[in-house]
Enquirer: 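Have a look at this one.
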Amino acid sequence: MSETKAVIRLSPLAREFYLRDPIVVARELMGKRLIRETSAGICGGRIVEVEAYLSQRDPACHASRGMTNRNAAMFGPPGHAYVYMIHSRWCLNAVTEPAGVPSAILIRAIEPLEGVELMHQRRRTDIVRDLARGPARLCEALAIDRTYNGWDLTAGRELWIADDPDAHLRPPRIVRSGRIGISSAQKRLLRFFDSESRFVSGARKLHAR
DNA sequence: CTACCGATTGACT
DNA sequence: GTCAATCGGTAGA
């Protein structure tokens, strides 16, 4: 039986969602919807992989050596984006904890659900699995660049995160691992991903729960 | 100003 | 599995 699903505008997660311990926020961002709206249309999908970067005792965090022009958004209020460039590519984070406490969640991969054709155009690939598997691919698919550094993700326009109305149908199977591309601190299991998802980047080496 | 380096990706063995 | 392109951010002279 097929049903035509009404196109509803998903409400953004509130600021309080992000005003918590980053590890809690990271876990709870799993399965949420990342949504991007431009004049070309809406696109987005289900978050299947994230990493936490902590304000305390985390040398891998960009803010670990104090505030600079690049990482200033991490020191701002929760629920805003921190967008940075690495190897000439953009990556998207959601800032957590109160202003002045620099922590963030790197959004590493989504399962494309909406506006898939638009993502294909931006990524110039026919392979759905490659559209947003990895933080920089995700930003290219969603047309996210430095103009979204500091963007308020709770405003519900252009770029935001919302509850997935279908979350009860397919709860993510969440497992943890060391973060990708981080040489130090591999013992810290700050990467969260859905072990059932094909749209996850990197190795599947998992440490359940 | 220069030098070094990276929360990556895509191409290749 | 390996490897290097590529360029802005950062630190240091």
Side-chain angles (χ1 to χ4, degrees), chain A residues 18 21-23 25-27 29-30 34 45 47-76 78 80-97 101-112 119-151 153 159 161 174-194 197-207:
Chain A
Y18 302 95
D21 184 287
I23 292 175
V25 177
R27 182 181 286 279
L29 278 174
M30 293 289 299
L34 177 63
I47 295 173
V48 296
E49 180 184 3
V50 301
E51 285 175 358
Y53 288 84
L54 311 181
S55 56
Q56 299 298 320
R57 291 174 290 282
D58 185 4
C61 179
H62 286 170
S64 64
R65 277 156 299 182
M67 185 164 68
T68 64
N69 283 338
R70 173 172 74 150
N71 66 23
M74 284 184 91
F75 290 80
H80 287 246
Y82 165 47
V83 177
Y84 71 92
M85 172 171 272
I86 181 72
H87 288 272
S88 311
R89 300 153 198 271
W90 300 108
C91 296
L92 170 70
N93 294 253
V95 174
T96 53
E97 297 188 289
V101 184
S103 59
I105 312 303
L106 174 68
I107 314 295
R108 288 195 56 92
I110 64 171
E111 171 185 345
M119 295 191 231
H120 277 293
Q121 292 171 22
R122 291 176 176 144
R123 287 275 301 131
R124 297 178 297 278
T125 176
D126 295 332
I127 304 171
V128 179
R129 200 168 90 95
D130 287 346
L131 289 180
R133 181 171 55 87
R137 289 167 170 154
L138 181 157
C139 282
E140 188 173 32
L142 300 189
I144 296 167
D145 62 19
R146 82 164 315 140
T147 64
Y148 289 90
N149 187 34
W151 187 262
L153 297 170
L159 179 64
I161 303 174
I174 301 173
V175 296
R176 302 174 70 157
S177 77
R179 293 171 294 189
I180 302 280
I182 301 288
S183 51
S184 62
Q186 273 308 302
K187 289 182 177 169
R188 309 193 68 169
L189 305 182
L190 296 176
R191 173 178 177 240
F192 297 81
F193 62 99
D194 181 350
S197 176
R198 307 163 43 232
F199 299 93
V200 166
S201 74
R204 302 303 171 94
K205 182 178 169 195
L206 49 91
H207 308 242

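Chain A is the first sequence line, chain B the second, and so forth, proteins listed ahead of strands; every chain is numbered from 1.
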Enquirer: Return whichever of A:Met74 or A:Glu140 has its heavy-atom-nearest nucleotide of DNA chain B closer to the 5' end.
Expert: A:Met74
Enquirer: What residues, two or more places apart in sequence or in another chain, satisfy ring-ring contact (aromatic ring centres under 6.0 Å, His included) together with A:Tyr148?
Expert: A:Trp151
Enquirer: With sequence neighbours left out, write down each residue that passes ring-ring contact (aromatic ring centres under 6.0 Å, His included) with A:Trp90, or none if nothing qualifies.
Expert: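 Per chain and number, A:Trp90 pairs via ring-ring contact (aromatic ring centres under 6.0 Å, His included) with no residue.
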Enquirer: Got a sec, which residues hit side chain to side chain donor-acceptor pair (under 3.5 Å) with A:Tyr53, two or more places apart in sequence or on another chain?
Expert: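 Result, side chain to side chain donor-acceptor pair (under 3.5 Å) vs A:Tyr53: A:Glu51.
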Enquirer: Quick one: list whatever passes side chain to side chain donor-acceptor pair (under 3.5 Å) with A:His120, sequence neighbours left out.
Expert: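 Counting only residues at least two positions away or on another chain, A:His120 forms no side chain to side chain donor-acceptor pair (under 3.5 Å).
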Enquirer: Describe the nucleic acid contact of A:Asp130 in one word from base, sugar-phosphate, nothing, applying a heavy-atom distance below 4.0 Å.
Expert: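 No contact.
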Enquirer: Kindly write out the residues that satisfy side-chain contact (heavy atoms from CB on, under 4.5 Å) with A:Val95, not counting sequence neighbours, or none if the list is empty.
Expert: A:Tyr82
Enquirer: Return the set of residues passing side chain to side chain donor-acceptor pair (under 3.5 Å) with A:Asn149 (not counting sequence neighbours), or none when no residue passes.
Expert: none
Enquirer: Could you state the atom-to-atom distance from CG of A:Asn149 to P of C:dG8 in whole Å?
Expert: 15 Å
Enquirer: Sequence neighbours left out, what passes side chain to side chain donor-acceptor pair (under 3.5 Å) with A:Arg123? Give chain and number order.
Expert: A:Glu140
Enquirer: Do A:Leu138 and A:Arg108 have side chains that approach each other closer than 4.5 Å (heavy atoms only, starting at C-beta)?
Expert: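 When only atoms from C-beta onward are counted, A:Arg108 and A:Leu138 do not touch, as no gap falls below 4.5 Å.
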Enquirer: Using a cutoff of under 3.5 Å, can you pull out all pairs of nitrogen or oxygen atoms linking the protein to nucleotides 9-13 of chain C, with atom names and distances?
Expert:
residue, atom, partner, partner atom, Å
C:dG9, OP1, A:Arg146, NH1, 2.7
C:dG9, O3', A:Arg70, NE, 3.2
C:dT10, OP1, A:Thr68, OG1, 2.5
C:dT10, OP1, A:Arg70, NE, 3.2
C:dT10, OP2, A:Arg70, N, 3.2

Enquirer: With sequence neighbours left out, what residues match A:Pro22 under side-chain contact (heavy atoms from CB on, under 4.5 Å)?
Expert: A:Leu54, A:Thr96, A:Glu97, A:Ser103, A:Ile105
Enquirer: Earliest and latest nucleotide of DNA chain B, 5' to 3', sitting under 4.0 Å from a non-hydrogen atom of chain A?
Expert: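 The contact span of chain A on DNA chain B goes from B:dG6 to B:dG10.
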Enquirer: Where each pair must be Watson-Crick or G-U wobble with both distances under 3.5 Å, what dot-bracket representation of DNA chain C is obtained, with crossing pairs in [ ] and other-strand partners as |?
Expert: |||||.||||||.
Enquirer: Taking side-chain contact (heavy atoms from CB on, under 4.5 Å) as the definition, give me every residue that meets it alongside A:Thr68, ordered by chain and number, with sequence neighbours left out.
Expert: A:Arg70, A:Asn71
